[in-house]
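Working notes, beginning with the structure itself.
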Amino acid sequence: MDLLKKIPGWLKNKYMLTATGFVVWLLFFDHNDIFMQMERRSELRDLEKGKSYYSEQVNALKKELSELKGDPASTEKAARERYMMKKDNEDLFIIDEK
């Protein structure tokens, strides 16, 4: 019985024990524990970086598309450079630069 008298009062409180158990459960044993939350936060940061990269790419492609629609000379230039198209009376020489 002397052992029970040495335990502080706040450790005997059933509400405090229940709340402590609940917090420990949430921090370590739950499906959405603290470690999973940190991992998801890191993944979210990585995805936001990827989103900004792809939005820049989309804006660049939209700009290029508007240039191609508006200027026939740029359309011809793109066809010659990317798809190696040529006119009927031309010869095409491909130089591979490594």
Side-chain angles (χ1 to χ4, degrees):
M1 289 305 246
D2 290 331
L3 185 62
L4 290 176
K5 291 180 182 178
K6 292 181 182 179
I7 298 175
W10 59 273
L11 283 178
K12 292 182 199 177
N13 188 344
K14 62 183 174 183
Y15 299 110
M16 184 60 78
L17 288 175
T18 304
T20 305
F22 182 69
V23 168
V24 168
W25 179 265
L26 287 178
L27 287 176
F28 298 108
F29 301 115
D30 192 41
H31 178 68
N32 296 317
D33 61 358
I34 190 77
F35 305 111
M36 186 65 71
Q37 293 297 326
M38 290 188 308
E39 183 179 330
R40 287 182 181 157
R41 192 170 292 138
S42 171
E43 184 179 347
L44 179 63
R45 271 188 252 118
D46 293 341
L47 289 173
E48 286 174 348
K49 288 178 186 175
K51 179 183 174 184
S52 65
Y53 168 76
Y54 286 117
S55 64
E56 290 173 6
Q57 293 295 319
V58 165
N59 290 336
L61 288 174
K62 283 181 181 179
K63 180 182 175 188
E64 185 178 345
L65 179 64
S66 66
E67 289 175 2
L68 288 175
K69 283 184 177 180
D71 188 19
S74 66
T75 305
E76 182 179 349
K77 179 182 175 188
R80 288 175 178 267
E81 289 177 355
R82 290 190 195 150
Y83 305 111
M84 297 184 211
M85 295 182 164
K86 64 179 185 80
K87 293 182 181 177
D88 290 334
N89 59 354
E90 292 180 335
D91 292 328
L92 183 64
F93 297 101
I94 300 174
I95 301 172
D96 189 18
E97 296 179 14
K98 288 188 177 180

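With hydrophobic clusters built from ILVMFWY side chains whose heavy atoms lie under 4.5 angstrom apart, Phe22 does not share a cluster with Tyr15. Taking hydrophobic clusters as Ile, Leu, Val, Met, Phe, Trp and Tyr residues chained together by side-chain heavy-atom distances below 4.5 Å, Val23 does not share a cluster with Met16.
In terms of modelled atom types and a separation under 3.5 Å, the side chain of Ser42 and the main chain of Met38 share no donor-acceptor contact. Within the 3.5 Å criterion, the main-chain N or O of Asp33 finds no donor-acceptor partner in the side chain of Asp30.
Partners of Phe29 by ring pair (Phe, Tyr, Trp, His ring centres under 6.0 Å), not counting sequence neighbours, listed by chain and number: Trp25.
Taking 4.5 Å as the limit, some side-chain heavy atom of Asn32 sits within range of a side-chain heavy atom of Arg40.
Here the OG1-NZ distance, from Thr75 to Lys69, works out to 11.0 Å after rounding to the nearest 0.5 Å.
Note on residues 43-55: no pairs pass side-chain hydrogen bond (donor to acceptor under 3.5 Å, both in side chains), not counting sequence neighbours. Among residue pairs with one or both ends in residues 87-98, those qualifying as side-chain hydrogen bond (donor to acceptor under 3.5 Å, both in side chains) are Arg80-Glu90; sequence neighbours excluded.
Considering all non-hydrogen atoms of both residues, Lys12 and Ile7 come closest at CE-O, 3.4 Å. Taking both residues in full, the closest heavy atoms of Ala78 and Leu68 are given as CB-CD2, 3.8 Å, listed atom of the first, atom of the second, then distance.
With a 6.0 Å radius and a threshold of 12 heavy atoms from other residues, nucleotides or ligands, Ile34 has its CD1 atom at or below the threshold. Lys86 NZ: more than 12 foreign heavy atoms inside a 6.0 Å radius.
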